[in-house]
Amino acid sequence: MRKRDYKRFIHITPDGKRTVVSFILLVLFLVVMYIVQPEIMKFSRIATITNGQLCLLLAGIGQTFVLLAGGIDLSIGGVICLSNSVAALYMPDSIPGMILMSILIVALGTGIGFFNGYIITRFNVQPFVVTFTVNYVLLGISLLILPIDGGNPPSRYVSALLHNFGQVSVSMIIVVLIVICWILIRRTRFVRNVYVVGCNEKAGFLNGIRVSQVKMLTFAISGGLAALAGLWRTAQLASGSPDAGDAMTMPSITISVIGGTSMAGGMGGAIGTIAGAYILRLIQDLLTFMGAKSFWSTVFQGVFLVVTVGVCSVIDMRKGGKKNG
Amino acid sequence: MADFEMRQISKKFGNVHALEKANFSANKGDIMGLLGENGAGKSTLVKVLCGVEKEDEGEVLLFGKKMLRRTPKEAMAEGVRVVHQELSLVSNATVSENLFMTEEEKPYRRKTIKELNKKAEALFKKFGVEDIDCTQYVRELPLAKCQKVEILKALAFEFDILVLDEATSALTEKDVEWLFELIRKLSKEGKIIIFISHRLQEINSICEQITIFRNGTSVCEAKKDELDTDQMVTLMLGRKIAGYYPEKAHSRKEEVLLHVENLRNGELTGVSFELHAGEILGIGGLSGQGQSELFEVLYGAKGAEGKIEIKGKECRLRSTASALKRGIALIPEDRGKQGLVLPMSVKENITLASLGKIRKGIFLSALKESQSVKKMIEKLQIKTDTPEVQVVTLSGGNQQKVVLAKQLLAEPDILLMYDITRGVDVGTKREMFNLMQEHCQEGKAILFFSTDTEELVHMCDSIYVMFEGRFKAHLQGDSMTEENIIRVSVGEAAV
Ligand SMILES: Nc1ncnc2c1ncn2[C@@H]1O[C@H](COP(=O)(O)OP(=O)(O)OP(=O)(O)O)[C@@H](O)[C@H]1O
Ligand SMILES: [Mg+2]
C-alpha cells in the first residue's frame, strides 16, 4: 500500500516524460562537452551561450504554443526580420522611447500572428500555407525598409540587454522568467484548452471550447515572441538585417521537437524547448571542437531529431497514447 | 480437452492486474457468451488472443496446437478474427478499401478500385447486406453502419474463431437480428464464436454456453440453461442488485425549461416539444432518424430554422460554448471521437467542461480540481488506478462513465443524453439511472435518447418517437410500451 502511494506521488504525466527525455539528452551532451572542454560549466560561458541562443529560444517557445494547438508557424523568421529591421532603424535613444518602441514592435508581431490565426481559422486554410505566404510578405517589407544589413541601434539599448549583473546576464534572467511564466500559465484554462485542441479538436468544440479563438491566440503569442526575439537579435548584433532572421524558422521547430513537443499537437511543453535550444548549441559546439565541417552539424541535427521523435513516440506507444482523427 | 483453450493467462498494466490466471475454453460450433462488469478484463483477453497485447504468462491452444500470435497479422493467419470494441476503420478511405485492408496475399493498393468494389459487392451479397454503399467514404457513415462494416471486415476472410467484442452495442435492432442469423450459420459450419455483450437479452437469445469474468479471472463456466439472468448478474458483479430500474420519481414540474418550435434543417423536418423542469423526456426511434441532428442543433453545434426558448427566453445557439453557458450539455454518440480527449488524463477529461468552476483567479486550482474529480470517480465508481492515467487505458464502459462524469460535473440544467448506457454493465446502468433521477429531482431536466426501448419505458415521463426527422408520436401513460415504440419506429401507428 505504501509503495503504491509513493508511486502516486511521483506520477509523471506523459508531457512530463517527454520533457524529462529532453533534459536527459541535455545532461548527456553536457557531460560529453565537459570531458572535452571543462570550461563549459563556467558561469560566464553559460551566460555567453544563453546570450547567443535567446533569440532562437524565444522563437521556439512561440512555435511550441502553435505546435501544441496542432498548427505550425512558418512566419516566425519573417517576423524576426521585420522586428530586427525596424528596431535597428528606428529605436530612439531615450529610455521611454526605447520602451515605447519595443512595445510597439511586440504589438506589431502579435498583430501579424493574429492575422495568421484569423485567416487560418476563418477561411479554414492550412496553417502551413498561410504562414508560409505571410513569411514572404514580411521578408519583402523588411527589405523595403532596410535594403542592406545596417542600422544603428542606440548603444544604451545594446548595453542594457547585454548587461551582466556580476556573473548573471540579462538573458539568463529572462530564461528563468520564462520558466516561471510557463509553470504559472500551464495552470490556466487557456493553456489547458490549447492541449485539448491539439489532441482532439472535435471533442474540444463539443465541450464548449472556442477552438478558433484558442488557435488564434497561439499564433498571436508566437508572433509576439518572434518580435521579442527580433528585439533581442538587434541588441545582440547591434545592427539590423532584413533577411538573416529567416534562418530561425526551421530551428524553432527543431528545438520544440527535440524538447518533446509533438508536431501532431497536444503533447509536450515549453520547458523542453528550452532544453532543446541548449542541446542544439551544444551539438554545434561539439562539432566545431572536433573540427568537423559545418555541414556535419546539419546532418547531426537531423539524426538527432529523428532519435528524439523516436524516443517520444516509443513512450507514447507504451502508454497506449495513440491519437484519434 | 476443449478445441480452443486459453490457460492461466495473466496480464498486468503497471499496477493493474487486467487478467490474473484467467482460463477460457470453447469447442467447435460453440457460441460462447463472455460476460463481466466494466473493467473485468474481457477486452484484454481478446487483445491477448489476437496479438495486440502480449500476455505476461499463460498459453493459448487451438486444436491442441500452441498459437504464437506474435503480431495481429500472425494471429489472423492462425485463424483468429476480431471485431474490437472501439472501431478501427480508416475514415478517409472507402468502405471497400477498409474491408480488404487486412488482406494477406496481395497488398490492396495494387488492386484497382473497380475490382475491390466488385469484391465488396460479392461479400455484401453473400451476407445479405443491402443498406451500405461500398464506394462511400467511412467518415460519411453513421456509427451503426460503421459497426456493420467492421463486422463484415472480420467476415471477409477465413477463420476458425470469431470474436465480437460488444459489436452489437451500436447496431440497430434489425441489424442485431441479421448478425444473430449469421452467427448461427457460422456456428453450424463449426466455427467458434465468442460473443461479448452487456445486453443480457442478447446473451440469452444467442449463446449456448457462457463464461463469466470478474476482476480478471473466470468465475463461472456453464451452459446457459443452468443459470437465470439474476444469477448471471450476481456472478458478474459479485453482489446482488435491487432491480434493474429504480422506481419512477415523477419529479416533473409545471415550469418549462426548454420550448422548441418547428425546428427544420436538412434532416429535421419540423420538431416541436416542451421539456419541463424535473422531467426525463424520452426520444425513441431507430437511430439515424434525426436524433443526433436534433441534439447537435440544441447544443449549438449545428444550425437550424425554428424557435428555441430556454426558460421562457428565445435564444440563438450559435456555438457549443453559448449552449453550455445557457445550461445545456450534450453526451455525444461517439465517445472516442467526440466525448473524450483520449491521450489526456482522466482528471483533465472530467473537468474539461467545467474549468470555469475550478478556477481560482486566473489559475485552475489543483486542489479544487482533484476534489471534484475524486468525488465524481467515487460517485460513478470509475475503475482507474489514479486520476492521472490516460483515458485510453480505461475499459470501454469506464470511458463512458468518464463522459457522464464530465457532464454531471458541469451541472447543466438540460442534459442531452445520446445512448449513454452503450457498453455499460448492468450494475453501472443502475447507478446511472439513479444519478439521472437525482439530477431531475434538483429541478433540472433530461432529454434521453436510447436505442433500448425497455430503458425508455422504465425511465421516462413520456416518450416521443422520431421518424424521418420529426416526432411521429407522443407516448404517455398507458400507451408507453415497448411494442408501441417499435411500431412507431418503423412507421406504423401506435395502439
Ligand atoms: N493499456 C492499458 N494500460 C493500463 N491499464 C489498462 C490498459 N488496458 C486495459 N487496462 C485496464 O485493464 C482493466 C481491464 O480492462 P478491459 O478493457 O479488459 O475491461 P472490459 O472487461 O473489456 O470492460 P468493458 O466492459 O468496460 O469494456 C481495466 O481496469 C483497465 O483500466
Ligand atoms: Mg471491453
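Chain letters run A, B, ... following the sequence lines, proteins first and then strands; every chain starts at 1. Every value quoted in this text rests on a predicted model; they were computed, and no experiment measured them.
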Verify the distance criterion only: is there a donor paired with an acceptor across the side chains of [X] and [Y] at less than 3.5 Å?
{"X": "B:N215", "Y": "B:E20", "answer": "no"}
{"X": "B:S345", "Y": "B:E348", "answer": "yes"}
{"X": "B:S88", "Y": "B:E150", "answer": "yes"}
{"X": "B:N38", "Y": "B:S395", "answer": "no"}

* May I ask you to name which of B:N92, B:D334, B:T351, B:L352 has the most heavy-atom pairs under 4.5 Å with chain A? => B:L352
* Specify which of B:V90, B:I358, B:L355, B:N349 makes the most heavy-atom pairs with chain A at under 4.5 Å. => B:L355
* Structure fact -> From the list A:R192, A:E201, A:K202, the residue making the most non-hydrogen contacts under 4.5 Å with chain B is A:R192
* Judged by atom type as modelled, is there a donor-acceptor pair below 3.5 Å linking the side chain of A:S256 to the main-chain atoms of A:G60? -> yes
* Is A:F23 atom CZ crowded by more than 12 heavy atoms from other residues, nucleotides or ligands, each under 6.0 Å away? -> yes
* Asked: Should we say atom CZ of B:F13 is surrounded by more than 12 heavy atoms from elsewhere, each under 6.0 Å from it?
  -> yes
* Of the backbone (N, CA, C, O) and the side chain (C-beta and beyond), which part of A:R210 lies under 4.5 Å from a heavy atom of chain B, both, or neither? -> side chain
* To do: Show your working on side-chain contact (heavy atoms from CB on, under 4.5 Å) between A:I209 and A:V196 and close with a plain yes or no.
  => CA-CA 9 Å; A:I209 293 175; A:V196 172; 3.7 Å; yes
* Among residues two or more places apart or on two chains, list those pairs meeting ring pair (Phe, Tyr, Trp, His ring centres under 6.0 Å) that have a residue in residues 172-227 of chain A. => A:F65-A:W182
* Given a strict heavy-atom distance threshold of 4.5 Å, which part of B:E369 is in contact with chain A: side chain, backbone, both, or neither? -> side chain
* Which atoms of B:R359 come close to chain A, meaning under 4.5 Å heavy atom to heavy atom: side chain ones, backbone ones, both, or neither? -> side chain
* To do: Under 4.5 Å, heavy atom to heavy atom: which of residues 360-367 of chain B reach chain A? Give them by number, or say none.
  => B:I362, B:F363, B:L364
